[in-house]
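Below: one structure in structure tokens.
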Protein chains: 2
Amino acid sequence: MGNVTSLQVAERAGVSQSAVSRVFTPGASASAKTVEKVRKAAQELGYRPNMMARAMITGKSRIIGLVVAYLDNQFYPLALERLSNALQAQGYHILVFTAANSRADVEEVMQELLDFQVDGIITASVGMTSDLTARCNAAGIPVVMFNRGQDGAGVSAVTSANVAGGETVGRYLLSCGHRNIAHISGWQGSSTGRDRQQGFVNVLTQAGITPQIIDGMYDRDTAAAATRTLMAQDAPPDAIFVGNDHMAFAVMDTLRQELGLRVPDDVAVIGYDDVPLAAWAAYDLTTMRQPVNRMVEATVATLLARLTDPTAPAKRIEIDSPLIRRGSTKGPKA
Amino acid sequence: MGNVTSLQVAERAGVSQSAVSRVFTPGASASAKTVEKVRKAAQELGYRPNMMARAMITGKSRIIGLVVAYLDNQFYPLALERLSNALQAQGYHILVFTAANSRADVEEVMQELLDFQVDGIITASVGMTSDLTARCNAAGIPVVMFNRGQDGAGVSAVTSANVAGGETVGRYLLSCGHRNIAHISGWQGSSTGRDRQQGFVNVLTQAGITPQIIDGMYDRDTAAAATRTLMAQDAPPDAIFVGNDHMAFAVMDTLRQELGLRVPDDVAVIGYDDVPLAAWAAYDLTTMRQPVNRMVEATVATLLARLTDPTAPAKRIEIDSPLIRRGSTKGPKA
DNA sequence: ATGAAAGCGCTAACAA
DNA sequence: TTGTTAGCGCTTTCAT
């Protein structure tokens, strides 16, 4: 059991080895009689086709490589879970690679991924160099970036509409009456961080306001430090737009427990992602929702499309994100 | 690039195909001259050995299957990340399978895992049936259960010392002066849930106290409902031991925001796991720390040991867990 | 140390 | 529909 070959099944069933193969190959033809005999013999022997051998011939491993940087931001485990489920439903599985977000690290990991003959690659929160893109394209392996955009073509990317999202946040904060607004931005080395900031600044600039900006690097400690810096000023902001929820929680912790300020009375806070924790009573965070389910669907669909038809062009998909009004800002709640 | 074979490298280097194989096979011998020539040719062609082909021959895929139920409890993504890193350092990679914690689901997933010829399996927060254990053993594939114990032998299991942990919690709560204590337990279908409860009840019983117990099923909503039930009584508890942090956060949310009670002044709360969020100011949760790093190390070590030497016996490892005193209980802080 | 040859378990022409 | 025959890209005897 466990190491039964198709040949053994063939002998027991009294058919050829290829007959066995056909019975287990979707879309191959065999007579009802043969199928019956083979299934029976396979059952008795506990036979299951060897995926590795199949993969070597067909060139399809049914494995998708997932490159992910950090799992401490709740958004990514969630995405991973959904991604895994969606892919599993299609008969694919996820080989997980963790990589710090440095070029060298990503490069090495991608190479390993190619070694494993993965059918496709999803990168979550990780940037691609154009060299890497070229390598994957040359190898004929479709890549979809999840929650990161890319300027140069050749890679598919699924994000939410981050520029528009930043604009929404800007307009909302203005509508709440805030004029002294700060932004603890997402990492400026990431497209998401830059886009959100850009949309936000656009709107404020048009209102004649120049927000103070500090790069929070998607890091709790950095965001906490930024909060201290911001609030230690002569005219501290009365609203802070934080580049993602993960940092926003740190900002709220710092504001409330360390500085003794009230949210939203003294300072309003707004995040980005709408991870489950944002809805929990302890934070009740107003935030831009990134619809994980829809982003996952789009990611899987894009990947499968290119798997089915390798000539399908790389796509760039943006999912709209709604503002979720909660208790960390003063406006009307949703 | 990407589909270069060892034969092409051999031709370019002017050596045999097996020479190329030797150069890329750890522990094979080749002259410095050959190595030099082969490496050069491989470099120029962008050759990398095909892991699938190698796997088929050696019978070793260098892939470890990870079965995980839910990723919304912060403890598991963290474990996944560490596990992935540790395994990656040893040249192994993780194929992730998500499975609801039902027997049928786990069964199916395990079978798929075997199809992929994984070298070993780690199950996180998932139970094993003895039938499944037998199947994996028959296939010669070592299984290590992470954060779940198993009575019958044949599988390795790494947990923290949950019975002792429950006892520690019991003693601590008593030492804080609590006498009316409730327990929202971990799922009683899991060994961890049962063990923690058992240790806890042992200690309280010896002190002549019978705690009220409700199964929280490791679920936020269930835990919140349990909290309401508990506090709606005539003599509500002044301390609640919750089966894991994930539920404890829901308990605190319910207590503070919904019921308007203060923690720990009105009710003390203590959790289990010490996920990062437990240390954040918003919760500041007293909890039993499950040392993820040490548990991961033990898991990887156990797995590798059985991979190296298949005759190595299945091991049951318990890691001690310390009590982390924070603000959700009244005693002295750590 | 190296090359030739034999497979690993399977799928995919090709005949029959 | 079925069996026969080649391989997929590699590791591993076995000679040399």
Side-chain angles (χ1 to χ4, degrees), chain A residues 1-39 41-42 45-63 91 114-119 139-141, chain B residues 1-39 41-42 45-63 91 114-119 139-141:
Chain A
M1 196 166 194
N3 289 318
V4 187
T5 70
S6 57
L7 192 60
Q8 298 174 44
V9 176
E11 279 166 1
R12 184 178 191 103
V15 297
S16 76
Q17 182 272 328
S18 28
V20 176
S21 172
R22 284 190 191 95
V23 171
F24 284 94
T25 303
S29 57
S31 67
K33 208 166 300 178
T34 303
V35 171
E36 155 90 41
K37 282 191 294 185
V38 170
R39 287 229 178 282
L45 262 34
Y47 168 81
R48 308 227 61 201
N50 183 325
M51 303 303 266
M52 290 280 166
R54 174 177 288 179
M56 211 177 68
I57 296 174
T58 62
K60 268 82 198 63
S61 60
R62 300 203 77 85
I63 293 179
L114 296 181
D115 292 351
F116 270 102
Q117 309 289 110
V118 295
D119 290 349
I141 300 190
Chain B
M1 198 165 193
N3 289 319
V4 186
T5 71
S6 58
L7 191 60
Q8 297 173 44
V9 176
E11 279 166 1
R12 183 175 192 106
V15 297
S16 74
Q17 183 271 330
S18 25
V20 176
S21 172
R22 284 188 191 100
V23 171
F24 284 93
T25 303
S29 58
S31 69
K33 208 167 299 179
T34 303
V35 172
E36 155 90 41
K37 283 191 294 186
V38 170
R39 287 229 178 282
L45 263 34
Y47 168 81
R48 311 227 63 202
N50 182 325
M51 303 302 264
M52 290 279 164
R54 173 177 291 178
M56 210 178 68
I57 297 175
T58 61
K60 266 82 199 62
S61 61
R62 299 204 77 84
I63 293 179
L114 297 180
D115 292 351
F116 269 103
Q117 310 289 111
V118 295
D119 290 348
I141 299 190

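Proteins get letters first, then strands, A, B, ... in listed order; numbering begins at 1 in each. Because the structure is predicted, anything quoted here is derived from the model rather than measured.
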Task: Spacing of B:Ile63 atom CD1 and B:Phe116 atom CZ [to the nearest 0.5 Å] - done: 8.0 Å
Open item on the list: Nearest 0.5 angstrom please: A:Thr58 OG1 to B:Met52 CE, how far?
Closed with: 9.0 Å
Task: Interface residues of residues 18-25 of chain B with DNA chain C (non-hydrogen, below 4.0 angstrom) - done: B:Ser18, B:Ala19, B:Arg22
Open item on the list: Once rounded to the nearest 0.5 Å, what's the spacing between atom CE of B:Met56 and atom CE of A:Met56?
Closed with: 3.5 Å
Which pairs would a plain distance check flag for residues 32-39 of chain B, meaning a side-chain donor or acceptor within less than 3.5 Å of a matching protein atom at least two apart in sequence or in another chain?
from	atom 1	to	atom 2	distance (Å)
B:Thr34	OG1	B:Ser31	OG	2.9

Task: Opening and closing nucleotides of DNA chain C in contact with chain A, under 4.0 Å to non-hydrogen atoms - done: C:dG9 to C:dA13
- [ ] Look up atom CG in B:Asn50 and atom CG in A:Leu114, then write down how far apart they are to the nearest 0.5 Å.
- [x] 11.5 Å
TODO: Would you give the length of the straight line joining atom CG of B:Asn3 to atom CD of B:Gln8, rounded to the nearest 0.5 angstrom?
DONE: 9.0 Å
- [ ] Provide the full list of side-chain hydrogen bond (donor to acceptor under 3.5 Å, both in side chains) pairs with a residue in residues 14-30 of chain B, sequence neighbours left out, each pair given once.
- [x] B:Ser6-B:Gln17, B:Ser16-B:Ser18
Open item on the list: Need to verify one output field. Residue with the more 5' nearest nucleotide on DNA chain C, B:Ala30 or B:Met56?
Closed with: B:Ala30
- [ ] Please find the earliest and latest nucleotides of DNA chain D, in the 5' to 3' direction, that have an atom within less than 4.0 Å of any heavy atom of chain B.
- [x] D:dG9 to D:dT13
Task: Any donor-acceptor N/O pair, A:Ser61 side chain to A:Ala55 backbone, under 3.5 Å - done: no
Task: Where at least one partner belongs to residues 52-61 of chain A, residue pairs that pass salt bridge (Lys or Arg N to Asp or Glu O under 4.0 Å), sequence neighbours excluded - done: none
- [ ] Give a yes or no answer on whether the side chain of A:Asp119 reaches the backbone of A:Arg62 with a donor-acceptor pair at less than 3.5 Å.
- [x] yes
